[in-house]
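Shown next, in structure tokens, is the structure this report addresses.
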Amino acid sequence: MNNVPFAIAIKFPEIIPGMYDSHILRKLSSMQGQFLDEQAFTQTLSQEDLLLYEVYNFERPKLGGELDSGLSILHPGKVGQEYFMTKGHFHTVLETAEVYYCLKGKGVMVMETPEGEWDVKELTPGVVLYVPPRWAHRSVNTGNDEDLITFFVYPAIAGHNYGDIELQGFRKLILDSGNGPEIVDNPRWQAPEVRHNGS
Ligand code: PAN
Ligand code: ZN
């Protein structure tokens, strides 16, 4: 990979960059066990394996000092009452942070630490969100019919740990109350001390 500066235009309304290193497509079938309403999940999936989100990555060598960046495009929709969301992850190198910049749409970032602290921050165009080291993160599209588009940057050495989130999901879920989004407890989630006692 050339160690020379590069510039990539992200222009409205197309958004999709003219150049990128990888394009990841995540469909509903890859989110087995992650949505609260399992019946709604099975039913939605039986109709169509919907495309939930796409990521365009600008990748750099996995070296200290390098930064990976890219665009996340999370489509609108729901499984039952739960809005479409990304899988979410901790960074494998837990002590690495990430910055998100919201370009379009409406949503939230759901975050938590391994110790069970949690936070939810709104994402609307112009918002810069700092996800500190140690915080797992998942974006959720709470808009009715618009993509949630964010630009992100993180250390190239970070890596993605999906497994710990897949075990029981995030502590908080974002559901449509019928009157807008609400934050609810995830019944599958167990506090670290309970989890580690092997219940
Ligand atoms: C982002 C995310 C992207 C997709 O690049 O990877 O939004 O979400 P999932 O990786 O959870 O499927 C990021 O946070 N990178 O570290
Ligand atoms: Zn990340």
Side-chain angles (χ1 to χ4, degrees), residues 1-12 14-27 29-32 34 51-75 84-105 107-141 147-172 192:
M1 188 174 288
N2 288 337
N3 198 23
V4 293
F6 66 90
I8 299 162
I10 296 166
K11 289 187 186 155
F12 289 88
E14 296 88 6
I15 298 280
I16 295 173
M19 186 192 101
Y20 49 86
D21 298 303
S22 63
H23 178 204
I24 294 168
L25 299 170
R26 286 247 218 264
K27 291 186 163 186
S29 53
S30 70
M31 299 283 282
Q32 195 85 43
Q34 293 304 303
L51 178 63
L52 299 192
Y53 60 101
E54 306 176 50
V55 185
Y56 292 90
N57 289 300
F58 313 131
E59 290 169 22
R60 295 292 303 167
K62 307 301 170 218
L63 299 172
E66 289 282 3
L67 299 171
D68 278 344
S69 58
L71 274 181
S72 160
I73 304 177
L74 175 53
H75 300 304
F84 281 4
M85 60 195 184
T86 58
K87 273 170 157 324
H89 56 266
F90 288 97
H91 289 163
T92 312
V93 180
L94 197 57
E95 300 295 338
T96 51
E98 183 155 354
V99 171
Y100 277 82
Y101 178 53
C102 182
L103 298 168
K104 191 172 188 284
V108 296
M109 189 71 78
V110 178
M111 294 165 281
E112 72 184 42
T113 65
E115 292 75 33
E117 276 176 281
W118 67 274
D119 201 353
V120 174
K121 291 267 185 279
E122 280 195 26
L123 291 169
T124 52
V127 168
V128 172
L129 172 69
Y130 184 72
V131 181
R134 304 180 60 77
W135 286 76
H137 39 285
R138 156 182 285 167
S139 26
V140 181
N141 185 344
D147 287 340
L148 174 67
I149 305 185
T150 50
F151 177 78
F152 54 80
V153 189
Y154 59 92
I157 57 160
H160 295 93
N161 165 9
Y162 294 102
D164 284 350
I165 293 298
E166 277 165 5
L167 286 176
Q168 57 175 20
F170 279 75
R171 182 169 186 173
K172 299 291 173 179

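Heavy atoms only: backbone and side chains are in, while hydrogens, waters and symmetry mates are out. Note that the coordinates shown come from a computational prediction; the quantities given were computed from them, not determined experimentally.
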**Asked** Side chains of Ile165 and Phe170: closer than 4.5 Å at any heavy-atom pair?
**Response** yes
**Prompt:** Under the 3.5 angstrom rule, does the side chain of His137 hit a backbone N or O of Trp135 as a donor-acceptor pair?
**Reply:** yes
**Prompt:** Within a strict 4.5 Å, meaning less than it, do heavy atoms of the Phe152 and Val55 side chains meet?
**Reply:** yes
**Prompt:** Val127 and Tyr100: side-chain contact (heavy atoms from CB on, under 4.5 Å), yes or no, with the steps?
**Reply:** CA-CA 8 Å; Val127 168; Tyr100 277 82; over 6 Å; no
**Request:** Please check if atom CD in Gln168 has more than 12 non-hydrogen atoms from other residues, nucleotides or ligands closer than 6.0 Å.
**Result:** yes
**Request:** Considering only NZ, NE, NH1 and NH2 on the basic side and carboxylate oxygens on the acidic side, decide whether Lys172 and Glu112 come within less than 4.0 Å.
**Result:** no
**Prompt:** Taking the side chain from Arg138 and the backbone from Thr86, do they hold a donor-acceptor pair closer than 3.5 Å?
**Reply:** yes
**Asked** Measuring from Leu71:CG to Asp147:CG, what's the distance to the nearest 0.5 Å?
**Response** 11.5 Å
**Prompt:** Are any side-chain N or O atoms of Lys87 and backbone N or O atoms of Ser30, one a donor and one an acceptor, separated by less than 3.5 Å?
**Reply:** yes
**Message:** Just so I know, are the side chains of Ser72 and Leu148 near enough to count as touching, which here means a heavy-atom distance under 4.5 Å?
**Reply:** no
**Prompt:** With a 4.5 Å heavy-atom cut-off, do Met85 and Val108 have their side chains touching?
**Reply:** no
**Prompt:** How long is the gap from CZ on Arg60 to CD1 on Ile157, to the nearest 0.5 Å?
**Reply:** 14.5 Å
**Item:** Tyr154 side chain near Thr96 side chain, heavy-atom distance below 4.5 Å
**Value:** no
**Prompt:** Considering all heavy atoms of both residues, which atom of Ala97 and which atom of Pro133 are nearest to each other, and what is their separation?
**Reply:** CB-CD, 3.7 Å
**Complete:** What one should report as the nearest heavy-atom pair of Leu52 and Leu74 is O-CD1, 3.6 Å
**Asked** Is the shortest distance from a Lys or Arg side-chain nitrogen in Asp68 or Lys62 to a carboxylate oxygen in the other one below 4.0 Å?
**Response** yes
**Fill in**
Closest heavy-atom pair, Pro61 versus Ala156, reported as atoms and distance to 0.1 Å, is O-CB, 3.4 Å
**Message:** Would you say that Pro114 contacts Leu94 through its side chain, given a criterion of any heavy-atom pair below 4.5 Å between the two side chains?
**Reply:** yes
**Flag, side chain of Thr92 to backbone of His160, donor-acceptor distance under 3.5 Å** = yes
**Request:** Hey, could you give me the CG/CD distance between Leu129 and Glu98, rounded to the nearest 0.5 Å?
**Result:** 9.0 Å
**Prompt:** Are the side chain of Asn161 and the backbone N or O of Phe90 linked by a donor-acceptor pair below 3.5 Å?
**Reply:** no
**Request:** Identify whether the distance between the nearest side-chain nitrogen and carboxylate oxygen of Glu95 and Arg134 falls below 4.0 Å.
**Result:** yes
**Prompt:** What pair of heavy atoms forms the shortest contact from Leu103 to Phe12, and how long is it?
**Reply:** O-CZ, 3.7 Å
**Request:** Look up atom OH in Tyr53 and atom OG1 in Thr150, then write down how far apart they are to the nearest 0.5 Å.
**Result:** 11.0 Å
**Message:** As an exercise, state the distance from CZ of Phe58 to OG of Ser22, rounded to the nearest 0.5 Å.
**Reply:** 9.5 Å
**Asked** Under a 4.0 Å N-O cut-off, is there an ion pair linking Arg171 with Glu117?
**Response** no
**Request:** Measure the CE-SG distance between Met109 and Cys102 for me, rounded to the nearest 0.5 Å.
**Result:** 9.0 Å
**Min side-chain heavy-atom separation Leu51-His75 under 4.5 Å** = yes
**Request:** Side-chain contact test, heavy atoms from C-beta onward, threshold under 4.5 Å: evaluate it for Val120 versus Val140 and give yes or no.
**Result:** no
